[in-house]
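Okay, structure first, notes after.
Only heavy atoms go into these numbers, but all of them, side chains included; no hydrogens, no water, no symmetry mates. The shown structure was predicted, so the numbers you read here are calculated from the model rather than taken from an experiment.
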Amino acid sequence: MQEISGELFMPPDVEAARAFFREKSRALTDKRMSVAQAVERFIHDGDYLAVGGFGSVRIPTAVLHEIVRRRYHNLGFCGHCSTHDFQILADGGVLDRCDISYIVGLELRGLSPHGRRLVERGALRTTEWSNAGLGWRYKAAAMGLPFLPARTMLGSDTERYSAAREITCPFTGQKLLAVPALFPDVAVIHVHQADIYGNAQIEGIHIVDRDLARAAKRLIITAERIIPTEEFRRHPELTAIPYWLVDAVCLVPGGSYPAEMPFEYTSDETHMADWVAAEATEESLQAFLDRFIYNTPDFDAYLALNGGANRLAELRAAEPLKRARG
Amino acid sequence: MQEISGELFMPPDVEAARAFFREKSRALTDKRMSVAQAVERFIHDGDYLAVGGFGSVRIPTAVLHEIVRRRYHNLGFCGHCSTHDFQILADGGVLDRCDISYIVGLELRGLSPHGRRLVERGALRTTEWSNAGLGWRYKAAAMGLPFLPARTMLGSDTERYSAAREITCPFTGQKLLAVPALFPDVAVIHVHQADIYGNAQIEGIHIVDRDLARAAKRLIITAERIIPTEEFRRHPELTAIPYWLVDAVCLVPGGSYPAEMPFEYTSDETHMADWVAAEATEESLQAFLDRFIYNTPDFDAYLALNGGANRLAELRAAEPLKRARG
Amino acid sequence: MQPTGRYTLMELMVCAAAHLLEDGKTAVIGTGAPLAAAMLAQKTHAPDLIVMFEAGAMAPILEKLPISVAGSSTQTHALMHSGMDDIMEGCQRGIVDYTFLGGAQIDQYGNLNSTLIGSDYAKPKVRLPGSGGANDLASLCWKTVSIIPHTRRKFVPKVDFITSPGYLSGPGAREAAGLPAGSGPYRVISTLAVMGFDPGSKRMMLLSIHPGVTRQDIIDNTGFDMLFAENVTVTAEPSDEELRILREQVDPQGKIISRAMKE
Amino acid sequence: MQPTGRYTLMELMVCAAAHLLEDGKTAVIGTGAPLAAAMLAQKTHAPDLIVMFEAGAMAPILEKLPISVAGSSTQTHALMHSGMDDIMEGCQRGIVDYTFLGGAQIDQYGNLNSTLIGSDYAKPKVRLPGSGGANDLASLCWKTVSIIPHTRRKFVPKVDFITSPGYLSGPGAREAAGLPAGSGPYRVISTLAVMGFDPGSKRMMLLSIHPGVTRQDIIDNTGFDMLFAENVTVTAEPSDEELRILREQVDPQGKIISRAMKE
């Protein structure tokens, strides 16, 4: 058996999760509120946070900025396929621990200098996983199970620095990896359409967001647009998240900017490159954050600083995915 | 630990399944064939069979009749939410073993007299499960895992007469039930739309068919209609089964009859009541099967015996679910 | 045992079941009387009761009483067309408050049998369908309500087969078996009375008795020692409004409410 | 080490990668050179190669080279918009034939490091992204192809961190670790050569050497003892047709093929 030494930030206590979900309101209420209200109400210092999307695709930028703007402390973060989302939180200094399948990297955009500095000087407690491993941790939680077996990570240092456990299959006798359920304190998912109660549609690939929405104890939805509940009843095959899982619904058009939003707008590579450049030094980074987050009241003001509606129109025009008619 | 004594008909050998799937063709070929061709080619005596749908909802009747017509021997069957589907196979005498979460019953339609006789005289080897338990057996297979943990069946006689195993969670120490992966030799699923390669759409609830399609070694699709591949590329969010999982595509309009097909037609309660009545004695049952299966060349002829297009039109008119326009 | 001419016994039972359901809670419901109860609750005190069906329909607007838990009638105007996994995993996660079950036999701990009558599993006297989703729902939902005719053949000292777990052998047994803490049998609605379970002993305890039924009727028709609550009440009779809604909106064809319960 | 003026080194490597892909097989592909290789293969000998992206896109018709494995460009005209679970579980089930990976370091057993440079996990000299999906794909897909610049800094005796498993410590080690039988490293395409793995020892073995490169170049730029196949060939040069397709259809902006590989 391989020695496994990583820290388990969120133990898979399914009975505690059941007790929480038992008490969670399932009432049909209008959950619309501002991003500021949602963050203040549902995110607290020390919480373990997870976000939907894929780093530079369909991320809840407005909520991430608000978390930084409010200077939260000691948040835990699930670094699952995270690029610009992690970059915002890491640059804002709100994190103290992180489960990692992918951070610091920006896919083809290179590496985040500040994210590297943070980890290289040991400023974050970290535990390693794979993308599937972390995704299955959400799925275990969504299924109400304390763990799921897996056949990945085995034999690697990724396993060694994880907090998984090796088990033996009671049927085949083979060695398997048990990945523990992950119930985030709060998850934030940006979607295409929601109604006022929280029913939500995601267009294009859902990545791991169906499982994440079910695994999270509290769930904040930011949406490109609000649509009538009747639309969900006309197309129940498109519903990804039913309202009783949701705590807050925030209308944020362009809400994934500068990351792309499939079927809506492409990414702003210029601004994301500026962001990486601004991370060159602590000083240049602070100036950049002052300008775009701390001294900026909200997401609309941030958009305005980057060209606002005109810029968004350019990015919409460049979006490769077009909706099929009918 | 509770003594568990049920027979495990299909051991969860994931390495053997991987070896099978490695060799399975993923070529893009026209897989259209008649029901007779599909059954002859992909179903063999002794095979373990699973069908999609829910007994009286979206079942592949034409294939079930063809199996009976060809007088197969010693088939295993996954009795998951099975009513009329089990009834056809049991009446046809093609089964010798059955995993059971629900058989013999016909929901509000009562019990199948012949199905009862068969089990009561010990003519079937049986093992007990729950609906979720069997569904998770498909999911374990679809995930490529030898088992999934579960929190059902524990402490009951359903567990005692199952072939599950109790395990201890490596994180919480709690007792869990391990349900073994189920890779059926062949699965048959009736869908709304397929293309000639096997891409398939299921409208309405999918029950467990997404997992079943992935768990099965061989997969026969029967479809209400064949549509162009382009339709799948225009609406990739509606694809339930991608073509590389599929071995045969059979066009069978009305193919779920006498069971209902959501968005298409409702069930023929008269014919299903006749079927139950015919099971009163072995003699009346044989006469009924002679008329509707053995002396009937194919499914279209069976439909014709029951009023054909006119009857189907009545059932279409009575279908409660209407497609939303646009 | 028909109490009065104003309503049928089934109407009384359906109303008693409806009264248990709270607004803004979730319930996984099957077909038949429980569904009539859920629809009645939605049309009276619990408009936002969330109804789910084990096969995958979530929060439909029900137009007619389904005959299959997977049928089109369970899916009309649903908020989501999902799958059995999503429903059952939600139950396992702890988000489903209520479920309704029936059975051929029930014992004092609320254990239910829907698998077989007899003593030999391999050659049962009567083979019944088996668990279906019942074992899952009884194991995972917070509160299980059983609806079952009240006779000695059904209220037995020991069920021939524990298909779906009640409190198993008594206090602590569910937890010892690995079942979720705090879940289990909540109420039993019979043709004679409404029962709960004694918190200490987990034994079935009579809470209210249907109009016109006597304690002796209960004792005569129960195969085990029924506990009686300190102050046993009379089961609330259906109001005229409830009867109107049941007959005009929920079950206009009388498929359920004018049916006597099969024994 | 640019072999000729007719094509770039990257074009040579992309073509070498494309040649490995068989028609009618499945491949989970990331961004960059591997995707250019898959697109080239689809436009030449493997029109029915099924391309999947780990985030959930299945069998798209690619119009432009994506910069994210979850981006819109991975989803254009896809046959299915699914999720990471469906993709990764398909890999685990054994239906994915090929995958491509990169890394900061590789050793003689094909173990890959994309997590950190240094000896102290808590305070690495250089922190890299980590596994992402690489560990999963290296563990679960049948054949893993690595594309990596050929230098002593990258072809090392021992990787600082085994992010993604190759043959681990050698023959039988993958199976002993619980990884699926018969899976593992298949080819390594470097800036100097194409390598496979010796079936017996599972050590990296040079199969073909790029035009203009010498054995001594390989030895000088490899941090471990490279095995040489009995008859080492010269890596096939891109045909004019391949170059035309690459430059006109796959990567008209030259984002990949005119880039020198980062070292």
**Prompt:** Is it the backbone or the side chain of P11(A) that comes under 4.5 Å from a heavy atom of chain B, or both, or neither?
**Reply:** neither
**Asked** Name the one of L177(B), I167(B), V179(B) that satisfies side-chain contact (heavy atoms from CB on, under 4.5 Å) with F147(B)?
**Response** I167(B)
**Fill in**
Greatest number of non-hydrogen atom pairs under 4.5 angstrom with chain A, of R233(B), H206(B), Q174(B), K322(B), falls to Q174(B)
**Item:** Portion of A163(A) that has a non-hydrogen atom of chain B nearer than 4.5 angstrom
**Value:** backbone
**Asked** With only heavy atoms counted, which part of I205(A) is less than 4.5 Å from chain B, the side chain, the backbone, both or neither?
**Response** neither
**Message:** If the threshold is 4.0 Å, N to carboxylate O, is there a salt bridge linking E23(B) and R18(B)?
**Reply:** no
**Request:** Walk me through it: do R165(A) and E159(A) pass the test salt bridge (charged side-chain N to carboxylate O under 4.0 Å, His left out)?
**Result:** CA-CA 9 Å; R165(A) 292 289 174 261; E159(A) 176 191 21; over 6 Å; no
**Request:** Check each atom of A132(B) against the heavy atoms of chain A and say whether the ones under 4.5 Å are side chain, backbone, both or neither.
**Result:** neither
**Message:** Counting heavy-atom pairs closer than 4.5 Å to chain B, which one of D13(A), V14(A), L8(A) comes out on top?
**Reply:** V14(A)
**Request:** Run through I189(A), D209(A), N199(A) and flag the one making a side-chain contact (heavy atoms from CB on, under 4.5 Å) with I241(A).
**Result:** I189(A)
**Asked** Is any NZ, NE, NH1 or NH2 atom of the basic residue among E203(B) and R323(B) found under 4.0 Å from an Asp or Glu carboxylate oxygen of the other?
**Response** yes
**Prompt:** So which of A150(B), P236(B), C169(B), A140(B) has the biggest tally of heavy-atom pairs under 4.5 Å with chain A?
**Reply:** C169(B)
**Message:** For R316(A), is there an ion pair with E319(A) - N to carboxylate O distance below 4.0 angstrom?
**Reply:** no
**Asked** Which of the residues P180(B), A178(B), A181(B), G144(B) is involved in the greatest number of heavy-atom pairs with chain A at under 4.5 angstrom?
**Response** P180(B)
**Heavy-atom proximity to chain B below 4.5 Å, by part of A240(A)** = neither
**Complete:** Honestly, the part of P12(A) sitting under 4.5 Å from a heavy atom of chain B is both
**Request:** Please lay out, stage by stage, how R151(A) and E15(B) fare under the test salt bridge (charged side-chain N to carboxylate O under 4.0 Å, His left out).
**Result:** CA-CA 11 Å; R151(A) 304 195 68 191; E15(B) 291 294 357; 2.5 Å; yes
